[in-house]
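What follows is one structure encoded as C-alpha coordinates, with my remarks underneath.
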Protein chains: 2
Amino acid sequence: MPTTTAAQKRAHAKVEYDSFLSQCPSRQLLDRISDKWVALILAALGSEGPQRYSELSRRLAGVSQKMLTQTLRSLERDGLLTRTVTPTVPVTVTYELTDLGLSLQRVMWAVKLWAEAHMDEVLVNRKQYDNRL
Amino acid sequence: MPTTTAAQKRAHAKVEYDSFLSQCPSRQLLDRISDKWVALILAALGSEGPQRYSELSRRLAGVSQKMLTQTLRSLERDGLLTRTVTPTVPVTVTYELTDLGLSLQRVMWAVKLWAEAHMDEVLVNRKQYDNRL
DNA sequence: CGGGATCCGCACGGATACTG
DNA sequence: CAGTATCCGTGCGGATCCCG
(Lines give C-alpha, C1' and ligand atoms only; values in the text may rest on other atoms or scores of the structure.)
Protein backbone atom coordinates (compact mmCIF):
# COMPACT_ATOMS: atom_id res chain seq x y z
CA MET A 1 0.00 0.00 0.00
CA PRO A 2 1.64 3.23 -1.17
CA THR A 3 -0.47 6.02 0.29
CA THR A 4 -2.31 5.34 3.55
CA THR A 5 -5.81 6.51 2.75
CA ALA A 6 -9.23 4.89 2.95
CA ALA A 7 -8.45 1.92 5.18
CA GLN A 8 -7.19 4.14 7.96
CA LYS A 9 -10.10 6.52 7.84
CA ARG A 10 -12.55 3.66 8.06
CA ALA A 11 -10.69 1.99 10.87
CA HIS A 12 -10.63 5.26 12.75
CA ALA A 13 -14.27 6.02 12.10
CA LYS A 14 -15.25 2.56 13.26
CA VAL A 15 -13.97 2.98 16.77
CA GLU A 16 -15.77 6.26 17.28
CA TYR A 17 -19.16 5.63 15.79
CA ASP A 18 -19.40 1.97 16.57
CA SER A 19 -17.95 1.83 20.03
CA PHE A 20 -20.85 0.35 21.96
CA LEU A 21 -22.09 -1.92 19.19
CA SER A 22 -18.76 -3.55 18.45
CA GLN A 23 -18.55 -4.56 22.11
CA CYS A 24 -21.88 -6.33 21.81
CA PRO A 25 -21.39 -10.11 21.71
CA SER A 26 -24.33 -10.49 19.38
CA ARG A 27 -22.45 -8.38 16.85
CA GLN A 28 -19.42 -10.64 16.88
CA LEU A 29 -21.55 -13.72 16.71
CA LEU A 30 -23.37 -12.29 13.72
CA ASP A 31 -20.14 -12.08 11.80
CA ARG A 32 -19.70 -15.77 12.50
CA ILE A 33 -23.08 -17.15 11.52
CA SER A 34 -23.75 -14.67 8.75
CA ASP A 35 -21.27 -16.60 6.67
CA LYS A 36 -23.64 -18.64 4.61
CA TRP A 37 -21.53 -21.80 4.73
CA VAL A 38 -21.30 -21.83 8.53
CA ALA A 39 -24.94 -22.69 9.06
CA LEU A 40 -24.77 -25.35 6.36
CA ILE A 41 -21.70 -27.00 7.87
CA LEU A 42 -23.28 -26.90 11.31
CA ALA A 43 -26.43 -28.47 9.95
CA ALA A 44 -24.52 -31.18 8.09
CA LEU A 45 -22.34 -32.15 11.03
CA GLY A 46 -25.19 -31.78 13.47
CA SER A 47 -27.62 -34.05 11.70
CA GLU A 48 -25.21 -36.61 10.29
CA GLY A 49 -22.42 -36.67 12.82
CA PRO A 50 -18.66 -36.55 12.10
CA GLN A 51 -17.74 -36.35 8.45
CA ARG A 52 -14.70 -36.26 6.23
CA TYR A 53 -13.64 -33.35 4.07
CA SER A 54 -14.78 -34.94 0.83
CA GLU A 55 -18.14 -35.89 2.32
CA LEU A 56 -18.74 -32.32 3.39
CA SER A 57 -17.76 -30.92 0.02
CA ARG A 58 -20.25 -33.25 -1.63
CA ARG A 59 -22.98 -32.47 0.91
CA LEU A 60 -22.58 -28.71 0.47
CA ALA A 61 -22.58 -28.95 -3.28
CA GLY A 62 -21.51 -25.68 -4.82
CA VAL A 63 -18.99 -24.62 -2.22
CA SER A 64 -15.48 -24.05 -3.51
CA GLN A 65 -12.76 -25.89 -1.61
CA LYS A 66 -11.26 -22.55 -0.75
CA MET A 67 -14.40 -21.45 1.07
CA LEU A 68 -14.94 -24.86 2.65
CA THR A 69 -11.41 -25.04 4.03
CA GLN A 70 -11.48 -21.40 5.13
CA THR A 71 -14.80 -21.80 6.93
CA LEU A 72 -13.77 -25.07 8.59
CA ARG A 73 -10.56 -23.44 9.83
CA SER A 74 -12.38 -20.51 11.41
CA LEU A 75 -14.89 -22.83 13.06
CA GLU A 76 -12.05 -24.94 14.42
CA ARG A 77 -10.36 -21.79 15.68
CA ASP A 78 -13.51 -20.79 17.54
CA GLY A 79 -13.74 -24.21 19.12
CA LEU A 80 -17.01 -25.09 17.42
CA LEU A 81 -15.60 -28.21 15.78
CA THR A 82 -12.55 -30.44 15.92
CA ARG A 83 -10.28 -31.51 13.07
CA THR A 84 -8.82 -34.98 13.38
CA VAL A 85 -6.09 -36.26 11.07
CA THR A 86 -5.69 -40.01 10.77
CA PRO A 87 -2.35 -40.96 9.15
CA THR A 88 -3.69 -43.55 6.78
CA VAL A 89 -2.58 -43.44 3.17
CA PRO A 90 -3.85 -41.28 1.74
CA VAL A 91 -4.51 -39.17 4.80
CA THR A 92 -7.99 -39.10 6.35
CA VAL A 93 -9.37 -35.94 7.96
CA THR A 94 -12.53 -35.97 10.05
CA TYR A 95 -14.53 -33.01 11.30
CA GLU A 96 -16.81 -33.21 14.32
CA LEU A 97 -18.85 -30.69 16.29
CA THR A 98 -17.73 -29.92 19.84
CA ASP A 99 -20.25 -29.48 22.64
CA LEU A 100 -20.06 -25.75 22.01
CA GLY A 101 -20.71 -26.24 18.32
CA LEU A 102 -23.62 -28.52 19.09
CA SER A 103 -25.21 -25.94 21.36
CA LEU A 104 -25.05 -23.35 18.58
CA GLN A 105 -26.37 -25.83 16.09
CA ARG A 106 -29.45 -26.34 18.27
CA VAL A 107 -30.16 -22.61 18.31
CA MET A 108 -29.69 -22.38 14.56
CA TRP A 109 -32.08 -25.25 14.18
CA ALA A 110 -34.85 -23.06 15.57
CA VAL A 111 -34.10 -20.52 12.87
CA LYS A 112 -34.29 -23.25 10.26
CA LEU A 113 -37.68 -24.30 11.61
CA TRP A 114 -38.91 -20.70 11.48
CA ALA A 115 -37.85 -20.52 7.86
CA GLU A 116 -39.64 -23.71 6.90
CA ALA A 117 -42.78 -22.53 8.68
CA HIS A 118 -42.93 -18.98 7.30
CA MET A 119 -40.96 -18.82 4.07
CA ASP A 120 -43.97 -19.31 1.81
CA GLU A 121 -45.74 -16.52 3.67
CA VAL A 122 -42.74 -14.29 2.94
CA LEU A 123 -42.86 -15.30 -0.72
CA VAL A 124 -46.54 -14.27 -0.92
CA ASN A 125 -45.72 -10.91 0.66
CA ARG A 126 -43.02 -10.32 -1.92
CA LYS A 127 -45.36 -10.97 -4.84
CA GLN A 128 -47.96 -8.62 -3.39
CA TYR A 129 -45.34 -5.92 -2.87
CA ASP A 130 -44.01 -6.28 -6.40
CA ASN A 131 -47.45 -6.23 -8.02
CA ARG A 132 -48.60 -2.93 -6.58
CA LEU A 133 -45.87 -0.85 -8.17
CA MET B 1 -11.95 -14.36 -23.24
CA PRO B 2 -14.14 -11.94 -25.15
CA THR B 3 -17.29 -13.96 -25.91
CA THR B 4 -19.61 -15.93 -23.56
CA THR B 5 -17.73 -15.78 -20.30
CA ALA B 6 -17.91 -16.44 -16.61
CA ALA B 7 -21.43 -15.30 -15.78
CA GLN B 8 -22.98 -17.87 -18.07
CA LYS B 9 -20.86 -20.74 -16.91
CA ARG B 10 -21.66 -19.96 -13.29
CA ALA B 11 -25.37 -19.62 -13.96
CA HIS B 12 -25.34 -22.94 -15.72
CA ALA B 13 -23.31 -24.67 -13.06
CA LYS B 14 -25.55 -23.33 -10.32
CA VAL B 15 -28.69 -25.06 -11.52
CA GLU B 16 -27.03 -28.42 -11.75
CA TYR B 17 -24.98 -28.61 -8.59
CA ASP B 18 -27.22 -26.57 -6.34
CA SER B 19 -30.65 -27.81 -7.30
CA PHE B 20 -31.79 -29.36 -4.06
CA LEU B 21 -30.17 -26.83 -1.74
CA SER B 22 -31.69 -23.77 -3.39
CA GLN B 23 -35.11 -25.30 -2.78
CA CYS B 24 -34.40 -25.49 0.93
CA PRO B 25 -36.25 -22.77 2.84
CA SER B 26 -33.43 -22.45 5.33
CA ARG B 27 -31.19 -21.43 2.47
CA GLN B 28 -33.45 -18.57 1.41
CA LEU B 29 -33.90 -17.46 4.98
CA LEU B 30 -30.16 -17.42 5.42
CA ASP B 31 -29.81 -14.88 2.66
CA ARG B 32 -32.24 -12.73 4.58
CA ILE B 33 -30.78 -12.82 8.09
CA SER B 34 -27.18 -13.08 7.00
CA ASP B 35 -27.36 -9.41 6.10
CA LYS B 36 -25.73 -7.95 9.16
CA TRP B 37 -28.13 -5.01 9.45
CA VAL B 38 -31.25 -7.16 9.41
CA ALA B 39 -30.69 -8.63 12.85
CA LEU B 40 -29.82 -5.22 14.24
CA ILE B 41 -32.96 -3.59 12.84
CA LEU B 42 -35.06 -6.46 14.14
CA ALA B 43 -33.50 -6.11 17.56
CA ALA B 44 -33.98 -2.34 17.62
CA LEU B 45 -37.62 -2.44 16.56
CA GLY B 46 -38.32 -5.48 18.70
CA SER B 47 -37.01 -4.09 21.95
CA GLU B 48 -37.99 -0.45 21.55
CA GLY B 49 -41.11 -0.60 19.44
CA PRO B 50 -41.89 1.52 16.36
CA GLN B 51 -39.21 4.01 15.39
CA ARG B 52 -38.55 6.72 12.86
CA TYR B 53 -35.89 6.59 10.17
CA SER B 54 -33.60 9.03 11.95
CA GLU B 55 -33.94 7.16 15.25
CA LEU B 56 -32.92 3.92 13.57
CA SER B 57 -29.96 5.50 11.85
CA ARG B 58 -28.74 6.79 15.19
CA ARG B 59 -29.36 3.48 16.97
CA LEU B 60 -27.46 1.51 14.33
CA ALA B 61 -24.56 3.92 14.34
CA GLY B 62 -22.24 3.23 11.45
CA VAL B 63 -24.83 2.19 8.90
CA SER B 64 -24.92 4.25 5.72
CA GLN B 65 -28.32 5.59 4.75
CA LYS B 66 -28.08 3.60 1.56
CA MET B 67 -27.78 0.32 3.45
CA LEU B 68 -30.39 1.32 6.00
CA THR B 69 -32.95 2.27 3.36
CA GLN B 70 -32.12 -0.75 1.25
CA THR B 71 -32.47 -3.14 4.18
CA LEU B 72 -35.69 -1.55 5.40
CA ARG B 73 -37.16 -1.84 1.90
CA SER B 74 -36.38 -5.52 1.62
CA LEU B 75 -37.81 -6.19 5.06
CA GLU B 76 -40.96 -4.31 4.13
CA ARG B 77 -41.16 -6.30 0.90
CA ASP B 78 -40.97 -9.54 2.87
CA GLY B 79 -43.74 -8.38 5.18
CA LEU B 80 -41.52 -8.33 8.26
CA LEU B 81 -42.18 -4.66 8.98
CA THR B 82 -44.49 -1.84 7.90
CA ARG B 83 -43.55 1.62 6.65
CA THR B 84 -45.96 4.38 7.62
CA VAL B 85 -45.73 7.87 6.14
CA THR B 86 -47.36 10.69 8.11
CA PRO B 87 -47.77 13.82 5.97
CA THR B 88 -46.54 16.29 8.53
CA VAL B 89 -44.05 18.90 7.46
CA PRO B 90 -41.41 17.77 7.08
CA VAL B 91 -42.63 14.24 6.46
CA THR B 92 -42.51 11.64 9.25
CA VAL B 93 -41.82 7.98 8.46
CA THR B 94 -42.31 5.26 11.07
CA TYR B 95 -41.20 1.63 10.89
CA GLU B 96 -42.86 -1.10 12.91
CA LEU B 97 -42.51 -4.88 13.07
CA THR B 98 -45.40 -6.97 11.81
CA ASP B 99 -46.48 -10.12 13.64
CA LEU B 100 -44.34 -12.08 11.22
CA GLY B 101 -41.37 -9.84 11.92
CA LEU B 102 -41.93 -10.20 15.64
CA SER B 103 -41.94 -13.98 15.41
CA LEU B 104 -38.58 -13.93 13.62
CA GLN B 105 -37.22 -11.46 16.11
CA ARG B 106 -38.04 -13.87 18.94
CA VAL B 107 -36.06 -16.64 17.24
CA MET B 108 -33.14 -14.31 16.61
CA TRP B 109 -33.26 -13.34 20.26
CA ALA B 110 -32.28 -16.87 21.18
CA VAL B 111 -29.23 -16.54 18.95
CA LYS B 112 -28.34 -13.29 20.68
CA LEU B 113 -28.62 -15.01 24.06
CA TRP B 114 -26.37 -17.82 22.87
CA ALA B 115 -23.79 -15.27 21.80
CA GLU B 116 -23.84 -13.46 25.12
CA ALA B 117 -23.52 -16.76 26.97
CA HIS B 118 -20.68 -18.28 24.93
CA MET B 119 -18.80 -15.52 23.17
CA ASP B 120 -16.08 -15.23 25.78
CA GLU B 121 -15.57 -18.98 25.56
CA VAL B 122 -15.11 -18.57 21.82
CA LEU B 123 -12.63 -15.78 22.41
CA VAL B 124 -10.57 -18.00 24.70
CA ASN B 125 -10.56 -20.75 22.08
CA ARG B 126 -9.27 -18.30 19.50
CA LYS B 127 -6.36 -17.22 21.66
CA GLN B 128 -5.40 -20.82 22.36
CA TYR B 129 -5.56 -21.66 18.67
CA ASP B 130 -3.44 -18.66 17.71
CA ASN B 131 -0.81 -19.31 20.38
CA ARG B 132 0.06 -22.84 19.35
CA LEU B 133 1.27 -21.91 15.90
C1' DC C 1 -36.72 14.85 7.27
C1' DG C 2 -36.31 10.84 4.50
C1' DG C 3 -34.85 9.42 1.13
C1' DG C 4 -33.20 8.56 -4.62
C1' DA C 5 -29.34 8.44 -7.89
C1' DT C 6 -24.67 7.90 -9.07
C1' DC C 7 -19.81 6.86 -8.87
C1' DC C 8 -16.27 3.87 -7.35
C1' DG C 9 -12.85 1.18 -4.34
C1' DC C 10 -11.71 -3.00 -2.55
C1' DA C 11 -12.39 -7.12 -0.41
C1' DC C 12 -14.77 -11.38 -0.86
C1' DG C 13 -15.20 -15.42 -3.13
C1' DG C 14 -14.66 -18.44 -7.53
C1' DA C 15 -11.43 -20.83 -10.81
C1' DT C 16 -7.22 -22.91 -11.67
C1' DA C 17 -2.84 -25.12 -10.78
C1' DC C 18 0.18 -27.46 -7.78
C1' DT C 19 1.69 -30.42 -3.41
C1' DG C 20 2.54 -33.93 0.56
C1' DC D 1 -7.34 -37.27 -0.24
C1' DA D 2 -7.02 -32.86 1.63
C1' DG D 3 -5.51 -29.28 1.17
C1' DT D 4 -2.16 -24.50 -0.28
C1' DA D 5 -1.09 -20.71 -3.42
C1' DT D 6 -2.33 -17.49 -6.82
C1' DC D 7 -4.82 -14.74 -9.92
C1' DC D 8 -8.77 -12.21 -10.96
C1' DG D 9 -13.75 -10.57 -11.82
C1' DT D 10 -17.58 -8.36 -9.58
C1' DG D 11 -20.82 -6.88 -6.59
C1' DC D 12 -21.40 -5.07 -2.01
C1' DG D 13 -21.37 -1.21 0.43
C1' DG D 14 -19.51 3.66 1.49
C1' DA D 15 -19.29 8.55 -0.07
C1' DT D 16 -21.33 12.28 -2.25
C1' DC D 17 -24.84 15.15 -4.34
C1' DC D 18 -29.53 16.24 -4.98
C1' DC D 19 -34.73 16.30 -4.40
C1' DG D 20 -39.94 16.73 -2.51
Side-chain angles (χ1 to χ4, degrees), chain A residues 1-14 16-18 31-32 34-38 40-41 50-76 81-95 133, chain B residues 1-14 16-18 30-32 34-38 40-41 50-76 81-96 133:
Chain A
M1 40 192 76
T3 51
T4 61
T5 43
Q8 271 200 352
K9 286 207 310 188
R10 262 182 295 122
H12 174 58
K14 206 155 206 169
E16 53 174 281
Y17 64 53
D18 235 359
D31 293 344
R32 173 112 319 295
S34 71
D35 186 307
K36 68 175 178 178
W37 301 116
V38 166
L40 262 28
I41 291 176
Q51 288 180 56
R52 302 178 55 180
Y53 182 88
S54 51
E55 292 176 307
L56 281 172
S57 75
R58 246 173 281 118
R59 191 78 166 81
L60 309 187
V63 66
S64 64
Q65 91 289 45
K66 175 184 176 180
M67 281 301 101
L68 182 54
T69 300
Q70 185 173 299
T71 307
L72 286 170
R73 278 301 171 328
S74 73
L75 289 176
E76 182 194 6
L81 56 77
T82 59
R83 176 174 180 270
T84 308
V85 180
T86 309
T88 54
V89 49
V91 66
T92 303
V93 180
T94 307
Y95 294 93
L133 288 186
Chain B
M1 49 217 90
T3 50
T4 62
T5 46
Q8 272 199 352
K9 286 207 310 189
R10 263 182 294 123
H12 175 58
K14 203 155 209 170
E16 52 174 283
Y17 63 51
D18 232 359
L30 262 186
D31 293 344
R32 171 111 322 292
S34 73
D35 185 307
K36 69 175 178 177
W37 301 117
V38 166
L40 262 27
I41 291 176
Q51 288 180 54
R52 300 178 56 180
Y53 182 88
S54 51
E55 292 177 306
L56 282 173
S57 75
R58 245 173 281 121
R59 191 80 165 83
L60 309 188
V63 66
S64 65
Q65 93 288 42
K66 176 184 175 181
M67 281 302 100
L68 181 54
T69 301
Q70 185 174 299
T71 307
L72 286 169
R73 278 302 172 325
S74 74
L75 289 176
E76 183 195 5
L81 56 77
T82 59
R83 177 174 180 269
T84 309
V85 180
T86 309
T88 54
V89 49
V91 65
T92 303
V93 180
T94 307
Y95 294 92
E96 182 172 12
L133 287 184

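Since we're looking at a predicted model, the values are computed, not measured. FYI, side chains are in, hydrogens and waters are out, and symmetry mates aren't considered; it's all heavy atoms of this structure. Naming: A, B, ... by sequence-line order, numbering from 1 per chain.
Here C:dG3 presents its P atom at 14 Å from CZ of B:Arg58, a figure rounded to the nearest Å. At whole-Å resolution of the value, CG in A:Leu68 and C1' in D:dC1 are 13 Å apart. Rounded to a whole Å, the CG atom of A:Leu40 is 16 Å from the C1' atom of C:dG13. When the C1' atom of D:dC1 is taken as reference, atom CZ of A:Arg83 falls 12 Å away, rounded to whole Å. When rounded to the nearest whole Å, the span between CD of B:Glu55 and P of C:dG2 equals 8 Å. Put simply, CD on A:Glu76 is 9 Å from P on D:dG3, counting in whole angstrom units. Rounded to an integer number of Å, the gap from CG of B:Leu60 to C1' of D:dG13 is 15 Å. The separation between B:Tyr95 atom OH and C:dG2 atom P is 8 Å, rounded to whole Å.
Pairs passing the side-chain hydrogen bond (donor to acceptor under 3.5 Å, both in side chains) check and including a residue from residues 61-72 of chain A, sequence neighbours excluded, read A:Tyr53-A:Thr69.
Candidate nucleotides D:dG3, D:dG14, D:dA2 were compared by shortest atom distance to the side chain of A:Arg52, and D:dA2 ranks first. Of all nucleotides listed (C:dG3, D:dG13, D:dA2), D:dA2 comes nearest to the side chain of A:Ser54. In this structure, of C:dG2, C:dG13, C:dG14, it is C:dG2 that holds the atom nearest to the side chain of B:Tyr53.
Distance check, rounded to the nearest 0.5 Å: CG of A:Leu56 to OH of A:Tyr95 gives 8.0 Å. We find the OG1-CD distance between B:Thr84 and B:Glu96 to be 7.0 Å, quoted to the nearest 0.5 Å. With rounding to the nearest 0.5 angstrom, the CG atom of A:Leu81 is 11.5 Å from the CD atom of A:Gln51.
Put simply, the side chain of A:Val63 does not reach to within 4.5 Å of the side chain of A:Ile41, judged on heavy atoms. Looking at heavy atoms from C-beta onward, A:Arg52 lies in side-chain contact with A:Thr92 at the 4.5 angstrom threshold.
Interface residues of residues 84-93 of chain A facing DNA chain D, ordered by number: A:Pro90, A:Val91, A:Val93; criterion, heavy-atom separation under 4.0 Å.
Scanning both residues, A:Thr88 and A:Pro90, for their nearest heavy atoms gives OG1-O, 2.7 Å.
Residues passing the salt bridge (charged side-chain N to carboxylate O under 4.0 Å, His left out) test with B:Arg32 are B:Asp78, sequence neighbours excluded. For B:Thr86, there are no side chain to side chain donor-acceptor pair (under 3.5 Å) partners at least two apart in sequence or on another chain.
Defining each end axis of the helix from C:dC1-D:dG20 to C:dG20-D:dC1 as the rotation carrying four pairs' C1' atoms onto the next four, with five pairs an end, the two axes are found to diverge by 50° to 10 degrees.
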Output a table of nitrogen or oxygen pairs between the protein and nucleotides 5-7 of chain D separated by less than 3.5 Å.
none

